[in-house]
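Here, residue 1 is the first one in the sequence, and each next residue gets the next number. Predicted, not measured: the structure shown is a model, and the values here were computed from it.
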Amino acid sequence: MRLSKAQYDEIALFISTLRPTRQCMKRLKERFPCQSQSTLLSIFSQEYQKMIKRTHAKHHTPEAVEMYYARYLNEVARDPKVPILLELANEVDFSPALMARTVLERFLEDHDGQPPTKPVLSSMLRDPSLIPDPVLANQVHLCIINDCFNGPLVDGIKHAIGHEHEVLLRQKLKEHNLAFLDEDQLRLKGYDKTPDVILEVPVAVDGHVIHWIESKASFGDEASHKTYLHDQFWSYWNRSFWITDPVPVCE
């Protein structure tokens, strides 16, 4: 069903009162039963990401990092079985995966005598068994699997969903007998920046002539549309061989 701007604003306002836990989706669905689970989850994820960006700086000051690391060391010494990093993240309203990254980076700086490289840090977050301290490895693992909106597990799920929607898009176009070129075919022709598909024969949809389609497996709010217009869509629109009104398809 279509979602009006007023309905979206109402959902976003309600989301601002929720904490990012697994129970929040149950409350959202109870409050907005007419909206699909996937729509509510996508909106919640985007609103949560906005909040993380707004508060990111305060969690990465030297004072904050030292406080989080000291709390971890003190409490893990008392009881290493307690999910300390997860509880700390919830206490300060911070992403558990990002809390794990912050404390792990500080630990490796102590352990190795220098800050870790991004590839090393990322590989340990993807596979906590690589972390030289088994207690911290378990703490990081708990943060990763309990973070519904950040971290390598979520990134993998998002990538899989995005690929699924691209496959679905191609299937739908074939079902309607629409000739098209996909990204792989366009790259073979030498194009470096392309939409998901270019229609070989344009079609009309709601009064717009459509030459190309870019599928995004996320909710298309105003902020994301502005970002995609700046980063992608205007570059497609400016190319003479597929000029049309930029009307992206958002799942």
Open item on the list: If I compare all heavy atoms of C143 with all of A100, which pair ends up nearest, and what's the gap?
Closed with: CB-CB, 3.8 Å
Task: Over 12 foreign heavy atoms within 6.0 Å of NZ, K158 - done: yes
Task: N-O pairing of E47 and K50 below 4.0 Å - done: yes
Task: Minimum-distance pair of heavy atoms, taken over all atoms of E214 and P195 - done: OE1-CA, 3.1 Å
Open item on the list: If you take the centroid of each ring, where Trp contributes its six-membered ring, are H163 and H159 closer together than 6.0 Å?
Closed with: no
Task: Exam field: side chain E105 to backbone T102, donor-acceptor pair closer than 3.5 Å - done: no
Task: Aromatic ring pairing Y48/F149, orientation class (parallel under 30°, perpendicular over 60°, tilted between) - done: tilted
Open item on the list: Are the side chains of Q35 and L40 in contact, using a 4.5 Å heavy-atom criterion?
Closed with: yes
TODO: Count the heavy atoms of every other residue, nucleotide or ligand shown that sit under 6.0 Å from NZ of K29, and state whether that count exceeds 12.
DONE: yes
Task: Considering all heavy atoms, the nearest P83-Q139 contact - done: C-OE1, 3.5 Å
Task: Over all atoms of both residues, closest heavy-atom pair of V197 and F180 - done: CG1-CD1, 3.8 Å
Open item on the list: Check this for me: H59, atom NE2, are more than 12 non-hydrogen atoms of other residues, nucleotides or ligands nearer than 6.0 Å?
Closed with: yes
Open item on the list: I want to check something: taking the side chain as every heavy atom from C-beta on, are V167 and R170 in contact at a cut-off of under 4.5 Å?
Closed with: yes
Task: L178 and K172, any side-chain heavy atoms less than 4.5 Å apart - done: no
Task: S38 backbone acceptor or donor facing S42 side chain under 3.5 Å - done: no
Open item on the list: Among L173, L169, L168, exactly one meets side chain to side chain contact (heavy atoms under 4.5 Å, CB included) together with Q171. Which residue is that?
Closed with: L168
Open item on the list: If you define the side chain from C-beta out and look only at heavy atoms, does anything of I43 sit under 4.5 Å from L3?
Closed with: yes
Task: Heavy-atom donor-acceptor pair, D182 side chain to D184 backbone, under 3.5 Å - done: yes
Open item on the list: Measuring only between side-chain heavy atoms, which start at C-beta, is P115 closer than 4.5 Å to R106?
Closed with: no
TODO: Taking all heavy atoms of C24 and all of L18, pick out the closest pair and write down the distance.
DONE: O-CD1, 4.0 Å
- [ ] Side-chain contact test, heavy atoms from C-beta onward, threshold under 4.5 Å: evaluate it for E109 versus Q114 and give yes or no.
- [x] no
Open item on the list: Closer than 4.0 angstrom, basic N to acidic O: yes or no for K216 and E166?
Closed with: no
- [ ] For residues N150 and V154, report the shortest heavy-atom separation together with the two atoms involved.
- [x] O-CG2, 3.4 Å
- [ ] Measure the CG-CH2 distance between L199 and W212 for me, rounded to the nearest 0.5 Å.
- [x] 11.0 Å
Task: Side-chain heavy-atom pair Q46, Q49 within 4.5 angstrom cut-off - done: no
Task: Cluster check V65, L86: I/L/V/M/F/W/Y, side chain < 4.5 angstrom - done: no
Open item on the list: Rounded at 0.5 Å granularity, tell me how far CG in D9 sits from NZ in K5.
Closed with: 3.5 Å
- [ ] Would you mind reporting whether R101 and S122 have side-chain heavy atoms less than 4.5 Å apart?
- [x] yes
Task: Donor on one side chain, acceptor on other, S36 and T39, under 3.5 Å - done: yes
- [ ] Please report the C-alpha distance between L142 and L85 in whole Å, then the side-chain angles of each, then the deciding distance to 0.1 Å, and finally whether the side chain to side chain contact (heavy atoms under 4.5 Å, CB included) criterion is met.
- [x] CA-CA 8 Å; L142 290 173; L85 292 184; over 6 Å; no
Task: Test side chain to side chain contact (heavy atoms under 4.5 Å, CB included) applied to K58 and E63, step by step - done: CA-CA 9 Å; K58 77 173 186 179; E63 295 80 10; over 6 Å; no
TODO: For the residue pair D147 and S95, confirm or rule out a side-chain donor-acceptor distance under 3.5 Å.
DONE: yes
Result block: side-chain N/O donor-acceptor pairs under 3.5 angstrom for residues 71-81, not counting sequence neighbours:
unit_1	atom_1	unit_2	atom_2	d
R71	NE	E75	OE2	2.7
R71	NH1	E91	OE2	3.3
R71	NH2	E75	OE2	3.3
R71	NH2	E91	OE1	2.9
N74	ND2	A70	O	3.2
D79	OD1	K81	N	3.1

TODO: May I have the step-by-step check of side chain to side chain contact (heavy atoms under 4.5 Å, CB included) for I198 and L186, ending in yes or no?
DONE: CA-CA 9 Å; I198 292 177; L186 290 167; 3.7 Å; yes
Task: Exam field: side chain T17 to backbone F14, donor-acceptor pair closer than 3.5 Å - done: yes
TODO: To the nearest 0.5 Å, tell me how far D133 CG sits from D110 CG.
DONE: 11.5 Å
TODO: To the nearest 0.5 angstrom, please state how far the OG1 atom of T61 sits from the CE atom of M67.
DONE: 8.5 Å
Open item on the list: Check whether H60 reaches the backbone of H56 with its side chain - one donor and one acceptor, N or O, closer than 3.5 Å.
Closed with: yes
Open item on the list: Is there a side chain to side chain contact (heavy atoms under 4.5 Å, CB included) between L130 and S123? Walk through the geometry before answering.
Closed with: CA-CA 8 Å; L130 298 174; S123 66; 4.2 Å; yes
